[in-house]
Asker: 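What follows is a single structure, and I will ask about it in a moment.
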There are 2 protein chains.
Amino acid sequence: MPTSTVENYLKAILVRSTGDEAVVATGALAEALGVTPGTITTMVKSMASRGLLEHQPREGVRLTPEGRTLAMAVVRKHRLVETFLVQVLHMDWKEVHEEAEALEHAISDRVLLRIDAILGYPVADPHGDPIPSRKSHLLERGKGVTLATCEALKPFRVERILDQSPVFLEFIQRTGLKPGARVRVRDRDPASGVVRCDLKDSEATLGLPEAAKIEVKAV
Amino acid sequence: MPTSTVENYLKAILVRSTGDEAVVATGALAEALGVTPGTITTMVKSMASRGLLEHQPREGVRLTPEGRTLAMAVVRKHRLVETFLVQVLHMDWKEVHEEAEALEHAISDRVLLRIDAILGYPVADPHGDPIPSRKSHLLERGKGVTLATCEALKPFRVERILDQSPVFLEFIQRTGLKPGARVRVRDRDPASGVVRCDLKDSEATLGLPEAAKIEVKAV
DNA sequence: ATTTTGTCTTTGACGACTCAAAGAGATTAT
DNA sequence: ATAATCTCTTTGAGTCGTCAAAGACAAAAT
Ligand SMILES: [Mn+2]
Ligand SMILES: [Mn+2]
Ligand SMILES: [Mn+2]
Ligand SMILES: [Mn+2]
């Protein structure tokens with residue numbers, strides 16, 4: 001069994017493996033995991049020797065099928081736990097990421113099955129991130145329609161929040177731009193970099209980079 | 001913060017500290033934690049230097065107030081988690097000890113409070129073990145009335161199971177001698193070491209040492 | 001009073017994870 | 001083409017938790 005450290009490494013690699021050439025730079029991992037580059041090199045070599053990933057020195061790292069399967073299981077646990085904490089324990093959706101970060105390593109498959117059943121087999125977590133099924137081997141990516149790119153004046157629904165940092169989630173909470181909310185871009189100004197949106201009973205103003213972190217879907 | 005290893009050591013010491021002279025032999029800890037005696041000596045010295053316990057070489061170990069407080073918090077988490085797994089996730093009460101052994105180290109106080117509230121602030125776990133309150137500093141011991149010592153032919157209620165091993169819990173499950181069950185000792189024979197009990201719709205036969213692991217209370 | 005036995009401690013070593021600092025490779029700028 | 005910069009790797013070291021094996025102590029047996 002992988003240690004929780006290894007599980008965190010696997011997850012960090014998985015969520016950064018975009019597309020076919022799923023190669024992740026070790027520097028990005030050092031950044032993401034809050035350790036020094038040298039630590040990443042060491043860990044990555046040991047994980048490679050265990051068959052969890054391949055390491056091209058000075059190039060990056062790619063999960064093996066085994067590594068990807070393990071990583072998917074961790075992501076699944078993380079997101080089901082988050083959903084459980086919000087849905088059943090009624091916790092604040094801003095807090096649950098941190099809690100899930102620890103619980104994802106302590107919950108057995110037996111317990112996870114119960115949680116999944118009680119929640120009615122949800123397909124997305126509170127942030128709108130898709131919950132991998134028990135045997136899926138692919139991680140769905142965002143389709144790219146966000147408040148920064150969607151057609152103006154047309155109605156959309158918030159689908160997914162692509163930034164889990166407390167400060168951003170706090171903003172989302174405050175404005176009500178949570179997954180499920182109806183929203184319409186009133187005005188988008190590339191010159192000033194400002195996006196203005198209408199919600200049901202309110203409006204929200206945000207910058208373009210921030211708007212790009214809110215995935216939406218036509219309703 | 002203590003590591004989960006240190007938490008397990010603290011808990012093992014606490015549940016073995018009986019009475020005033022709460023000194024626990026290091027050998028008993030080695031046995032309980034499944035490590036070699038030398039490992040215990042090493043860990044115990046480091047925990048002593050952190051102020052969690054006092055170590056009299058070749059005598060034993062005693063928790064400091066700080067160590068006891070931490071240990072109580074771990075026991076509280078363990079028992080609340082067990083209760084939650086049975087009550088809310090409807091897991092088999094034979095399985096939950098193992099699950100709680102891991103979860104007790106991963107659950108934050110925030111989550112624990114929610115669990116406690118949802119359960120309605122229970123005072124005992126599925127095995128009948130008392131759940132320490134948030135600030136209690138004493139671990140209640142069994143009062144000593146068991147199926148091995150209670151008066152015969154009088155009605156009692158099962159209060160607590162003092163052996164958490166899977167094989168014993170399996171027996172308890174099979175006979176229905178779970179906490180809450182009504183029971184009456186029909187016949188106790190010191191010569192053969194056999195105790196015969198009546199339950200609601202059945203009867204159970206067990207040895208004296210086993211009977212001593214089932215705490216009961218007059219109804 | 002010795003010896004034996006059982007329990008505990010010490011010592012040396014190892015795997016997992018980490019850092020700081022120095023070194024090597026590759027990319028970009030001049 | 002050379003230098004500067006950026007990124008990654010290597011090296012040496014430290015902490016934590018563990019073991020095996022050897023040593024010390026104390027209680028019990030002779
Ligand atoms: Mn984690
Ligand atoms: Mn999430
Ligand atoms: Mn534990
Ligand atoms: Mn219990």
Side-chain angles (χ1 to χ4, degrees), chain A residues 1-14 16-18 21-63 66-67 70-71 74 101-102 104-106, chain B residues 1-14 16-18 21-63 66-67 70-71 74 101-102 104-106:
Chain A
M1 289 299 97
T3 63
S4 54
T5 302
V6 167
E7 288 188 342
N8 283 334
Y9 277 64
L10 288 171
K11 196 175 54 148
I13 296 167
L14 178 68
R16 279 165 188 78
S17 310
T18 60
E21 269 320 303
V23 166
V24 179
T26 59
L29 293 178
E31 167 79 34
L33 292 165
V35 296
T36 62
T39 299
I40 297 288
T41 302
T42 306
M43 280 298 291
V44 135
K45 283 203 289 194
S46 114
M47 289 170 73
S49 81
R50 282 203 255 169
L52 300 177
L53 50 80
E54 285 157 37
H55 181 210
Q56 273 81 42
R58 308 215 123 80
E59 261 289 299
V61 120
R62 190 203 329 264
L63 292 178
E66 181 188 352
L70 284 171
V74 178
E101 204 53 59
E104 67 192 356
H105 312 294
Chain B
M1 289 298 97
T3 63
S4 55
T5 302
V6 167
E7 289 188 342
N8 283 333
Y9 277 65
L10 288 171
K11 197 175 54 148
I13 296 166
L14 178 68
R16 280 165 188 77
S17 311
T18 60
E21 268 321 303
V23 166
V24 179
T26 58
L29 294 178
E31 167 80 34
L33 293 165
V35 296
T36 62
T39 300
I40 296 289
T41 302
T42 307
M43 280 297 291
V44 135
K45 283 204 290 196
S46 115
M47 289 169 72
S49 81
R50 282 203 254 169
L52 300 176
L53 50 80
E54 286 157 36
H55 181 209
Q56 273 82 41
R58 276 160 217 285
E59 262 289 299
V61 120
R62 190 202 330 265
L63 292 177
E66 182 188 352
L70 285 171
V74 179
E101 205 52 58
E104 67 192 355
H105 313 292

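The chains referred to below are lettered A, B, ... by the order of the sequence lines, with proteins before strands, and numbering in each begins at 1.
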Asker: Who passes side chain to side chain contact (heavy atoms under 4.5 Å, CB included) against B:Glu54, sequence neighbours left out?
Answerer: B:Gln56, B:Arg62, B:Thr64
Asker: For A:Glu101, check salt bridge (Lys or Arg N to Asp or Glu O under 4.0 Å) against everything at least two apart and list the hits.
Answerer: A:Lys11
Asker: Rounded to whole Å, please give me the gap between CZ in B:Arg58 and C1' in D:dC25.
Answerer: 5 Å
Asker: Test of understanding: with side chain to side chain contact (heavy atoms under 4.5 Å, CB included), list the residues that count as partners of B:Ala102, not counting sequence neighbours.
Answerer: none
Asker: So what does B:Ala30 touch, heavy atoms closer than 4.0 Å: a base, only the sugar-phosphate, or nothing?
Answerer: nothing
Asker: Which letters describe nucleotides 10-16 of chain C, given B = protein heavy atom under 4.0 Å from base, S = only from sugar-phosphate, - = neither?
Answerer: B------
Asker: Between A:Tyr9 and C:dT18, is there a side-chain N or O to OP1/OP2 distance below 4.0 Å?
Answerer: yes
Asker: OP1 or OP2 of C:dC8 less than 4.0 angstrom from a side-chain nitrogen or oxygen of B:His55, does that happen here?
Answerer: no
Asker: Rounded to whole angstrom units, what separation is found between the CD1 atom of B:Ile40 and the P atom of C:dT9?
Answerer: 10 Å
Asker: Restricting to side chain to side chain contact (heavy atoms under 4.5 Å, CB included), what partner residues turn up for B:Arg50, sequence neighbours left out?
Answerer: B:Val6, B:Ser46, B:Leu52
Asker: Rounded to whole Å, how long is the line connecting atom CD of B:Glu59 with atom P of D:dA24?
Answerer: 21 Å
Asker: Please report the closest heavy-atom contact between B:Leu63 and B:Ala71, naming both atoms and the distance.
Answerer: CD1-CB, 4.2 Å
Asker: Does B:Glu31 have any side chain to side chain donor-acceptor pair (under 3.5 Å) partners at least two apart in sequence or in another chain, and if so, which?
Answerer: none
